[in-house]
Structure formats: C-alpha cells, structure tokens
Number of protein chains: 2
Amino acid sequence: MITNPQEAWKQTLEKHIRSRGLRLTRQRLLITETFFRRGGHTTVDDLYQELLKTQPGIGYATVYRTLKLLVECGIAESLQFGEDSTRYEPASEHHDHLICTGCGTIIEFENETIENLQEEIAKMFGFTLTHHNMELYGRCSDPKCTKKS
Amino acid sequence: MITNPQEAWKQTLEKHIRSRGLRLTRQRLLITETFFRRGGHTTVDDLYQELLKTQPGIGYATVYRTLKLLVECGIAESLQFGEDSTRYEPASEHHDHLICTGCGTIIEFENETIENLQEEIAKMFGFTLTHHNMELYGRCSDPKCTKKS
DNA sequence: TTAAGTGCAAACCTTTTGCTGCCCC
DNA sequence: GGGGCAGCAAAAGGTTTGCACTTAA
C-alpha cells in the first residue's frame with residue numbers, strides 16, 4: 001500500500017506521540033501542517049507569522065517546542081546557515097545547500113562523490129562520521145545578483 | 001625578504017588601521033597577540049578569560065569589536081559550528097573541519113577534489129561561488145568517544 | 001587637541017523555561 | 001479526572017550599542 005506523501009508525516013508524528021504518552025493537540029497538528037505546506041528552509045518566525053493568520057493566540061514557545069518535537073520524530077531537520085536564526089526543513093533524502101548571497105535563493109543538491117570522499121577523509125583520521133553540513137555560498141545567475149555591489 | 005610569520009599579522013593590522021584612520025591601541029595589540037598565540041577555533045569567551053589574566057579590566061565588548069576588526073582585515077575568520085557561540089581562527093589557507101562530537105577535537109583538512117566538485121556543482125546551477133562551509137561530525141578513535149553513550 | 005576607543009551597563013535577539021489554567025486521552 | 005500542553009512572561013545566552021571618560025596620534 002502506498003502512503004499518501006502529504007499524510008506520511010501525520011502517521012510518523014502520531015506514532016511517535018503515542019509511543020511516548022504525549023498528546024496530539026490541535027496546535028501540534030496545525031503547526032506541523034503549516035510547516036509541511038510551506039516546505040523547505042523555514043524560519044521559526046516565518047512559521048509563527050503564518051500561523052498567526054489562522055490561530056491568532058498561538059505562542060512562540062509552542063512553535064519552538066513543536067519544531068523540536070518534529071526533529072525528534074525525524075520528520076524535520078534543523079539547519080544553521082551563516083545568518084543568525086535557525087531554519088527548519090522537512091526531513092528527506094540527505095542533501096546539501098547552495099545559497100545565493102544576493103537574493104537568498106536556496107538550492108538543494110546531492111553529490112555522491114563528495115559523500116564518499118568525506119567518508120574517506122574521516123576514515124583517514126580514524127573518525128566514524130555521523131553527519132555533516134556543507135553550504136556553498138555564491139551569486140546566482142540573476143542579473144541583480146551577478147552585478148557588483 | 002621573508003616576513004616573520006609571527007609578526008605578519010601585525011603588519012596587516014597596522015596597515016589596515018592606518019588606512020582607515022583607526023588607532024593601534026594597547027588593547028587591540030594585546031587581544032590580537034593573544035588570539036594568535038592561542039591558535040585555532042577560539043571562542044570569544046575563551047579569549048576573554050585568558051585576557052583577564054593579564055588585563056583584568058578588559059571588556060567583553062572590546063574583545064568582540066577587535067575580533068570583528070580582525071575579520072575585516074582578513075587576518076581572522078569566524079566559524080559557526082553546530083553549537084551556540086561563534087569561534088574564530090587565524091586566517092590561513094582554506095580548509096574544512098572534522099569535529100568529534102564526543103571530545104570536541106577539531107581537525108582541519110583540505111581536499112582539492114571536493115573543492116573542484118563544489119565549483120562544478122555551482123557552475124551547473126549558474127552560480128559563482130564566493131565561499132563555503134563544510135563540517136564533518138563524528139566520533140574520533142579515542143575509546144571514550146567510540147563507546148556508545 | 002580631538003576623534004577614536006575602552007569599559008560598563010543596558011539593549012537586543014533568538015531560544016528556553018516556569019507557571020497557571022486548559023484540554024486530550 | 002489527571003497529567004501533559006498552551007500561552008504568557010520572564011529568564012537565559014550570545015552579541016551589539018549608547019554613553020562618558022580615556023588615550024593614541
């Protein structure tokens with residue numbers, strides 16, 4: 001049976017919540033739904049602002065706590081780019097990021113050769129890798145970004 | 001003429017300072033000296049604590065302001081690992097970091113093949129790269145770090 | 001002399017935590 | 001009904017800023 005991808009997170013979330021004696025609240029559903037609807041690289045504040053539209057009373061802390069929960073479930077991942085605040089994205093196949101410092105565009109990519117080289121490097125130093133970050137910063141081909149500042 | 005590497009930063013710093021009408025103060029010299037003596041991956045607090053020993057009255061803000069100055073001069077670089085606070089290292093040939101999440105050991109490495117692949121990827125998306133971050137996280141070969149927690 | 005720099009404290013920002021009343025199970 | 005949760009506000013870090021005094025040039 002093929003799971004509806006838009007609902008897949010709901011099953012994982014519910015399973016995780018049940019197994020821990022936690023509760024599936026209105027807010028948790030709403031936040032998670034909104035998070036997945038928005039898609040990648042969301043700031044907590046982005047998400048909070050959008051949530052305010054449908055749920056005026058919602059608290060900043062609840063958004064933080066729910067995102068932390070999603071990360072624990074393994075259905076979201078936190079990202080730390082050069083800037084100040086943490087971003088979150090739906091968990092998926094591993095990938096890295098290519099970021100335009102002009103317009104903020106974020107492109108996801110994967111490269112198996114690099115991954116293999118990383119493993120090789122780790123082995124060379126006697127490390128066992130658990131995870132990694134790689135962000136490439138540059139200017140995209142948009143004229144506004146290409147021109148010198 | 002070969003420049004004494006230990007003094008190289010002093011020349012760059014002075015040049016930058018003169019060219020901008022800034023001033024080479026006792027504190028700036030002391031902070032920069034201490035920063036270079038300590039070497040890589042220093043936290044502002046690390047540096048501040050060490051400075052307190054020789055300069056009890058020094059202010060946190062001064063350390064921050066001086067490090068920012070060193071980054072502007074191009075003789076220091078700021079690093080953002082997974083943790084909370086920014087680290088600084090003396091600028092040098094580009095390298096990436098391999099970090100043990102057990103004991104905090106930080107290893108620097110460079111890999112030209114990866115760098116080339118990164119350029120290739122950027123080109124594929126029409127980007128011109130300016131810089132990048134890559135951090136590999138894992139467990140080093142120390143038994144304390146290898147064992148499961 | 002005089003403008004930049006220092007030290008201090010207060011402000012800022014992002015994220016976390018304590019608490020009280022609320023609601024899912 | 002009871003314990004986990006939401007909302008709020010206050011706290012907690014890390015970093016920046018405003019201000020009056022000091023100091024390099």
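All values reported here derive from a predicted model rather than from experimental measurement.
At a cut-off of 3.5 Å, with distance as the only test, no side-chain donor of B:Glu110 or B:His95 sits close to an acceptor on the other residue. No hydrogens or angles considered: a donor-acceptor pair under 3.5 Å links the side chains of A:Glu135 and A:Tyr137. A donor and an acceptor atom, one from each side chain of B:His16 and B:Gln11, are nowhere located under 3.5 Å apart. Side-chain contact check for B:His97 and B:Glu89: at least one donor-acceptor pair (N or O, by modelled atom type) lies under 3.5 Å.
The CZ atom of B:Arg20 sits 15 Å away from the C1' atom of C:dG5 (whole-angstrom rounding).
In the set C:dT17, C:dT6, C:dT15, the nucleotide with an atom closest to the side chain of A:Ala61 is C:dT17.
Protein chain B touches strand DNA chain D; the 5'-most and 3'-most nucleotides with an atom under 4.0 angstrom of its non-hydrogen atoms are D:dG14 to D:dA25.
B:His41 and B:Phe81 have tilted rings, their planes meeting at an angle from 30° to 60° on a 0 to 90° scale. The aromatic rings of A:Phe109 and B:Phe125 sit tilted relative to each other, their planes meeting at an angle between 30° and 60°.
Under the 4.0 Å criterion applied to side-chain N and carboxylate O atoms, A:Lys123 and A:Glu119 are not assigned as salt-bridge partners. A salt bridge is defined here as a Lys NZ or Arg NE, NH1 or NH2 lying under 4.0 Å from an Asp or Glu carboxylate O, and A:Arg20 with A:Glu72 meets this definition.
At a threshold of 4.0 angstrom between heavy atoms, the contacts of A:Arg65 include nucleobase atoms, whether or not backbone atoms are also involved.
Regarding contacts with the backbone of C:dT15, a side-chain N or O of A:Thr86 is found under 4.0 angstrom from either OP1 or OP2.
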Check step by step if ring-ring contact (aromatic ring centres under 6.0 Å, His included) holds for A:His131 and A:His94.
CA-CA 10 Å; A:His131 60 289; A:His94 171 73; 9.8 Å; no
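Checking A:Thr62 against B:Tyr88, the closest nucleotide of DNA chain D that is more toward the 5' end is the one next to A:Thr62.
From one end of the helix from C:dT1-D:dA25 to C:dC25-D:dG1 to the other, with five pairs defining each end axis, the axis direction shifts by 30° (rounded to 10°).
Put simply, B:Leu129 and A:Ile114 are part of the same group of oily side chains (I, L, V, M, F, W, Y) that touch within less than 4.5 Å, one to the next.
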Whether each nucleotide of nucleotides 20-25 of chain C has a protein heavy atom under 4.0 Å at its base (B), only at its sugar-phosphate (S) or at neither (-) is summarised, 5' to 3', as ----BS
